[in-house]
Amino acid sequence: MDTSLFESVDQYIGNLLGDEDAVLKGTLKSMKDAGIPGINVSANQGKFLQLLAKLCNAKKILEIGTLGGYSTIWLARALPADGQLITLELEQAYADVARQNIIKAGLDPVVDIKVGRAMDSLAALDAEDSGPFDMIFIDADKPPYTEYFEWALKLSRPGTLIVADNVIREGKVLDDNCDDERVSGVQRFNKALADNKQVTATIIQTVGTKEHDGMAIVVVK
Ligand SMILES: C[S@@+](CC[C@H](N)C(=O)[O-])C[C@H]1O[C@@H](n2cnc3c(N)ncnc32)[C@H](O)[C@@H]1O
């Protein structure tokens with residue numbers, strides 16, 4: 001697929017309407033310097049997540065998959081001063097870089113990074129009655145996406161917005177015989193979403209500076 005047009009249009013949109021400031025650019029640089037893979041959302045996707053958080057008047061956001069804090073910063077900037085964002089990350093080294101970036105963004109009073117397996121952190125959040133969250137962004141390892149979704153539902157209320165990234169994977173979700181566990185993970189999630197009567201959802205395809213993919217947009221009934 002020739003993706004150069006999608007990339008150019010993504011640049012055009014970013015130049016017109018993007019808010020990727022020095023802190024966000026510095027976050028990407030810090031990740032590169034630390035050898036952290038560039039698997040963050042794109043700038044326009046970050047802005048899109050921020051708009052979604054504003055649209056649902058989010059005061060409490062849960063993010064599963066912090067990496068270097070890039071999407072965290074986009075999301076946390078949508079919060080009011082007394083808002084809260086909890087973000088879950090497996091890798092201590094990534095969380096350390098993210099923490100520095102969040103401090104540089106002035107967002108440390110509202111962002112809490114929990115290091116460990118997301119499944120354990122989610123169980124702990126539930127046990128501590130930390131929910132319900134207004135918005136939940138699922139963007140960690142793909143095989144347990146369905147289980148993350150089940151936890152997200154437990155930590156939700158009617159009206160909670162759940163967003164799950166990377167659920168189309170360049171169209172590989174169409175291949176029932178794909179042996180990539182990331183693809184089978186999101187295929188299982190997409191099916192669970194379709195079968196779940198507690199939510200209403202769609203998936204938007206995403207193109208641009210990142211490869212062709214998709215974000216599931218889910219509202220809890
Ligand atoms: C796609 S990246 C997140 C990107 C980030 N949301 C952004 O756009 O800036 C996925 C992250 O999930 C983390 N991760 C992978 N497996 C995990 C697990 N079992 N528990 C928690 N985090 C995990 C990875 O270390 C990685 O940082």
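As a basis for the values below, the full set of heavy atoms in this structure was taken, side chains included, without hydrogen atoms, waters or symmetry mates. Every number for a ligand or one of its atoms is a count from 1 in the order of the listing.
No path of Ile, Leu, Val, Met, Phe, Trp and Tyr side chains, each step under 4.5 Å between heavy atoms, connects Val218 with Phe48, placing them in separate hydrophobic clusters.
Contacts with ligand 1 closer than 4.0 Å are made by side-chain heavy atoms of Tyr148 only, the backbone lying farther away. At a heavy-atom cutoff of 4.0 Å, ligand 1 is contacted by no atom of Asp165, backbone or side chain. Counting heavy atoms under 4.0 Å from ligand 1, residue Tyr94 touches it through the side chain alone.
Between Phe137 and ligand 1, no N or O atom pair is found at a separation short of 3.5 Å. Taking distance alone, with nitrogen or oxygen atoms compared against 3.5 Å, Asn166 stays at or beyond that limit from ligand 1. Looking at Ala140 next to ligand 1, no N or O pair under 3.5 Å apart turns up. For ligand 1, the polar-atom distance check against Arg117 finds no nitrogen or oxygen pair separated by under 3.5 Å. Note: no N/O pair closer than 3.5 Å links Ile39 and ligand 1 by distance alone. For ligand 1, the polar-atom distance check against Lys142 finds no nitrogen or oxygen pair separated by under 3.5 Å.
Within ligand 1, the atoms closer than 4.0 Å to a non-hydrogen atom of Gly65 are 3 (C), 5 (C), 6 (N), 11 (C), 12 (O), numbered from 1 in the order shown. Listed by number with element, the atoms of ligand 1 under 4.0 Å from a non-hydrogen atom of Thr66 are 5 (C). For ligand 1, the atoms sitting less than 4.0 Å from at least one non-hydrogen atom of Leu67 are 3 (C), 4 (C), 5 (C), 26 (C), 27 (O), numbered in the order shown with element in parentheses. Those atoms of ligand 1 that come under 4.0 Å of a heavy atom in Glu91, given as number and element, are 25 (O).
Atom 7 (C) of ligand 1 has its closest protein heavy atom at Ser71 OG, 3.0 Å. With respect to atom 18 (C) of ligand 1, the closest heavy atom belonging to the protein is Asp141 OD1, 3.5 Å. Atom 10 (C) of ligand 1 has Asp139 O, 3.1 Å as its closest protein atom, hydrogens excluded (heavy atom only). Scanning the protein for heavy atoms near atom 8 (O) of ligand 1, the closest one is Val41 N, 2.8 Å. Given atom 20 (N) of ligand 1, the protein heavy atom at minimum distance is Ala118 N, 2.8 Å.
Compare Glu89, Lys210, Met31 by their heavy atoms: the one nearest to atom 27 (O) of ligand 1 is in Glu89. With atom 22 (N) of ligand 1 as the reference point, the heavy atom nearest to it among Leu90, Ile36, Thr87 is part of Leu90.
When the options Asp112, Leu75, Ile73 are evaluated for a side-chain contact (heavy atoms from CB on, under 4.5 Å) with Leu85, the one that passes is Leu75.
Residues Thr206 and Asp213 bring no donor and acceptor atom of their side chains to less than 3.5 Å of each other. Checking Thr3 against Glu211 by side-chain atom types alone, no donor-acceptor pair falls below 3.5 Å. Side-chain atoms of Asp96 and Gln92 form a donor-acceptor pair, as typed in the model, at a separation below 3.5 Å.
Note on Lys172 versus Asp180: no salt bridge recorded, every NZ/NE/NH1/NH2 to OD/OE distance being 4.0 Å or above. Asp134 has a carboxylate O that lies under 4.0 Å from a charged side-chain N of Arg157, or vice versa, which qualifies the two as a salt bridge. We find that Asp141 and Arg117 are not joined by a salt bridge, their nearest charged nitrogen and carboxylate oxygen being 4.0 Å or further apart.
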- Message: Please evaluate residues Arg77 and Asp21 with respect to the criterion salt bridge (charged side-chain N to carboxylate O under 4.0 Å, His left out), reporting the C-alpha separation (whole Å), side-chain torsions for both, the decisive distance (0.1 Å), and the verdict.
- Response: CA-CA 12 Å; Arg77 284 180 170 172; Asp21 64 359; 2.9 Å; yes

- Query: Going through the distances and angles, do Glu147 and Arg188 end up as a salt bridge (charged side-chain N to carboxylate O under 4.0 Å, His left out)?
  - Reply: CA-CA 10 Å; Glu147 288 69 34; Arg188 196 162 65 85; 2.9 Å; yes

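Side-chain atoms of Glu7 never come within 3.5 Å of backbone atoms of Ser4 as a donor-acceptor pair (strictly under, hydrogens ignored). Remark: side-chain polar atoms of Lys154 are not paired, donor with acceptor, to backbone N or O of Leu122 under 3.5 angstrom.
In this structure, Gly116 is part of the shell of residues with a heavy atom less than 4.0 angstrom from ligand 1.
By the 30° and 60° cut-offs, the orientation of the rings of Tyr70 relative to Trp74 is perpendicular.
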